[in-house]
Student: 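Before I ask anything, here is the structure I am working with.
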Amino acid sequence: MRIDLVSIFPDYFAPLELSLAGKARDKGLIDIAVHDLRQWTHDRHNSTDDTPYGGGAGMVMKPEPWGEALDQLLGERSTVVFTTPSGRPLTQAFARELAQREHLVFACGRYEGIDQRVIDDTAGRAEVLEISIGDYVLNGGEVAALAIAEATIRLLPGFMGNPDSLVEESHEDGLLEYPVYTKPAQWRGHEVPPVLLSGNHGAIATWRHDQAVRRTAERRPDLLPASAIADDLDLVPAVRADAAELLVLQRACWLQEALVNDRLDIPALHESLDDVVSWLGEWRTWVARLDGRLVAAVRARLDDDVWDIGRIMVAADLQGRGLGRRLLEFAESAAPAEARTLRLFTGASSERNLRLYRKAGYRRAGTLPGDEATVVLTKRR
Ligand code: JD8
């Protein structure tokens with residue numbers, strides 16, 4: 001792979017001479033060239049910026065030097081990376097894509113950015129990628145180019161002494177990395193988790209995976225595949241102290257139901273805290289927390305030989321990840337032996353709920369007495 005980096009601060013790339021890229025260069029995996037943009041200026045002041053059309057603060061990078069720089073650097077199969085806070089976020093998967101490229105040209109802007117016509121013109125003669133390394137603002141594109149180059153170069157085949165070490169990395173399998181330890185086994189009163197000293201590789205692998213899922217669920221639930229959060233959340237019996245948060249979650253969830261069913265006369269929407277406290281005493285109820293936040297709940301009780309399941313609640317930001325399915329399965333598994341039928345009800349227009357219940361084997365069994373807009377669904381045990 002060839003990498004060219006263009007900037008008005010070329011010294012920013014000195015680190016590339018050091019560890020990583022230096023090693024890759026020595027292994028013949030890459031050749032890197034750093035260019036000072038000013039070599040493509042022709043005025044006495046080697047100007048690379050000017051005032052913005054339309055006014056406003058700051059300066060904008062002139063198109064001409066960039067045009068000439070790219071004229072010289074672009075080849076047949078070049079990919080030009082403009083680093084910008086408005087770019088596509090860099091991810092491990094994106095870095096893997098970049099590692100497949102033959103030639104990367106990093107165009108590192110400064111000031112308020114590069115004249116947009118440079119990006120538009122370049123897109124007509126090469127692959128253009130606008131990439132951001134995160135939702136914060138830097139003063140220029142060099143640091144981002146360094147980060148993208150490092151994330152890419154280290155994935156080049158033959159770079160890592162032991163390619164296996166790549167497999168177990170953060171984000172490689174969509175999870176954050178598990179905690180790591182080395183000698184001594186005791187340090188300042190802190191132990192190393194015994195499983196890691198057990199030599200039982202199966203148990204160690206399981207522990208590490210569980211730690212990675214737990215850490216990801218706690219710190220980056222957005223990264224977790226839909227099912228993982230559902231599988232990882234602990235459902236525990238609700239207590240009186242949960243009532244207030246249950247009320248808040250219930251109102252939020254049934255506001256959604258009110259919207260999809262275009263009705264407000266839904267009991268759950270009108271309950272008070274006392275009502276919740278009261279039914280906590282009449283129904284078996286389970287709740288789940290994420291980072292201490294009550295994010296899911298379900299209740300159930302026996303009515304003759306019917307196990308009534310209800311108030312399946314999932315916080316809006318965690319919906320669509322299989323938690324509803326997990327809550328339903330959990331409540332079903334808690335049904336006592338004498339329960340021969342499982343029953344629940346929902347709004348006739350609550351399509352997502354109806355899809356979940358149909359997939360779980362429930363079938364319509366009429367409507368609630370005096371309420372045609374609420375359908376009852378049952379399933380034989
Ligand atoms: C390139 C100029 C500075 C940005 C006015 C401050 C990437 N994740 C990222 N954050 N910031 C950048 C980045 C910032 C840059 C340039 C990348 C060129 N600036 C500008 C817009 C607001 N100043 C980045 N990748």
Side-chain angles (χ1 to χ4, degrees), residues 1-16 20-21 30 32-41 45-71 73-74 78-101 103-123 126-155 170-171 176 219-220 222-223:
M1 172 186 280
R2 176 174 173 82
I3 294 179
D4 288 286
L5 304 109
V6 185
S7 159
I8 60 172
F9 297 128
D11 297 347
Y12 250 92
F13 301 114
L16 285 176
L20 178 124
I30 57 171
I32 291 187
V34 174
H35 312 276
D36 183 337
L37 180 68
R38 296 189 193 284
Q39 68 185 278
W40 289 286
T41 63
H45 303 295
N46 301 117
S47 307
T48 60
D49 64 300
D50 207 330
T51 54
Y53 274 124
M59 302 293 274
V60 172
M61 299 200 91
K62 294 166 61 64
E64 304 95 325
W66 282 108
E68 292 182 32
L70 295 168
D71 290 349
L73 297 174
L74 291 184
S78 302
T79 297
V80 180
V81 176
F82 291 91
T83 54
T84 166
S86 56
R88 173 184 162 189
L90 179 68
T91 63
Q92 191 63 7
F94 197 179
R96 282 198 293 272
E97 282 180 40
L98 292 172
Q100 310 304 315
R101 298 298 195 275
H103 181 203
L104 296 177
V105 179
F106 287 94
C108 304
R110 278 274 152 178
Y111 308 107
E112 300 312 302
I114 300 173
D115 186 301
Q116 182 60 36
R117 292 168 291 179
V118 174
I119 292 100
D120 302 342
D121 175 71
T122 309
E127 179 188 21
V128 163
L129 297 172
E130 294 183 82
I131 306 178
S132 167
I133 61 167
D135 298 340
Y136 42 82
V137 179
L138 303 168
N139 268 355
E142 291 79 9
V143 168
L146 274 171
I148 299 165
E150 174 156 333
T152 302
I153 291 168
R154 64 192 299 284
L155 298 176
S170 248
H171 304 295
L176 302 184
R219 300 180 187 186
R220 293 291 308 278
D222 58 296
L223 288 174

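Counting convention: from 1, in listed order, for ligands and their atoms alike.
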Student: Below 4.0 Å from ligand 1: does a non-hydrogen atom of Gly140 turn up there or not?
Tutor: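 Gly140 counts as a contact of ligand 1 under the 4.0 Å cut-off.
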Student: Is Ile131 touching ligand 1 with its side chain, its backbone, both, or neither, if touching means heavy atoms under 4.0 Å apart?
Tutor: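 Ile131 to ligand 1: backbone contact only, side chain stays beyond 4.0 Å.
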Student: Does Ile119 reach the side chain of Thr84, with side-chain heavy atoms less than 4.5 Å apart?
Tutor: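 Answer no - side chains too far apart.
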Student: Please find the pair of heavy atoms, one from Ala69 and one from Leu37, that lie closest to each other, and give the distance.
Tutor: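 Where Ala69 meets Leu37 most closely, the heavy atoms are CB-CD1, 4.2 Å.
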Student: May I ask you to list the atoms of ligand 1 that are less than 4.0 angstrom from any heavy atom of Ser132?
Tutor: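 Answer for ligand 1: 8 (N), 25 (N).
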Student: What protein heavy atom lies closest to atom 12 (C) of ligand 1? Include the residue and the distance to one decimal.
Tutor: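 Atom 12 (C) of ligand 1 sits closest to the protein heavy atom Pro85 CD, 3.5 Å.
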Student: Relative to the heavy atoms of Tyr136, which atoms of ligand 1 are at a distance of less than 4.0 Å?
Tutor: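 Near Tyr136, the atoms of ligand 1 are 8 (N), 9 (C), 10 (N), 11 (N).
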Student: Applying the side-chain contact (heavy atoms from CB on, under 4.5 Å) test to Leu73, which of Val80, Leu5, Asp4 qualifies?
Tutor: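 Only match with Leu73 under side-chain contact (heavy atoms from CB on, under 4.5 Å): Asp4.
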Student: Flag yes if more than 12 heavy atoms outside Tyr53 fall under 6.0 Å of its OH atom; otherwise flag no.
Tutor: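 Result for OH/Tyr53: open.
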Student: For Phe9, is the NZ or CZ atom of Arg110 found under 6.0 angstrom from the centre of its six-membered ring and inside 45 degrees of the ring axis?
Tutor: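 Judged by the rule (NZ or CZ under 6.0 Å from the ring centre, within 45° of its axis), Arg110 is not positioned above Phe9.
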Student: Within the 4.0 Å heavy-atom shell around Ile133, which atoms of ligand 1 are there?
Tutor: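 Matching atoms, with element in brackets: 8 (N), 25 (N).
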Student: Is Ala144 touching ligand 1 with its side chain, its backbone, both, or neither, if touching means heavy atoms under 4.0 Å apart?
Tutor: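 Only the side chain of Ala144 comes within reach of ligand 1.
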Student: I'd like to check which ligand 1 atoms, numbered from 1 as shown, lie under 4.0 Å from a non-hydrogen atom of Glu112.
Tutor: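 Selected atoms, number and element: 5 (C).
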Student: Any idea which part of Val137 is under 4.0 Å from ligand 1, heavy-atom wise: side chain, backbone, both or neither?
Tutor: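 Both of them.
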Student: State if Tyr111 counts as touching ligand 1 under the rule of any non-hydrogen atom under 4.0 Å.
Tutor: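 The answer is yes, since Tyr111 has a heavy atom less than 4.0 Å from ligand 1.
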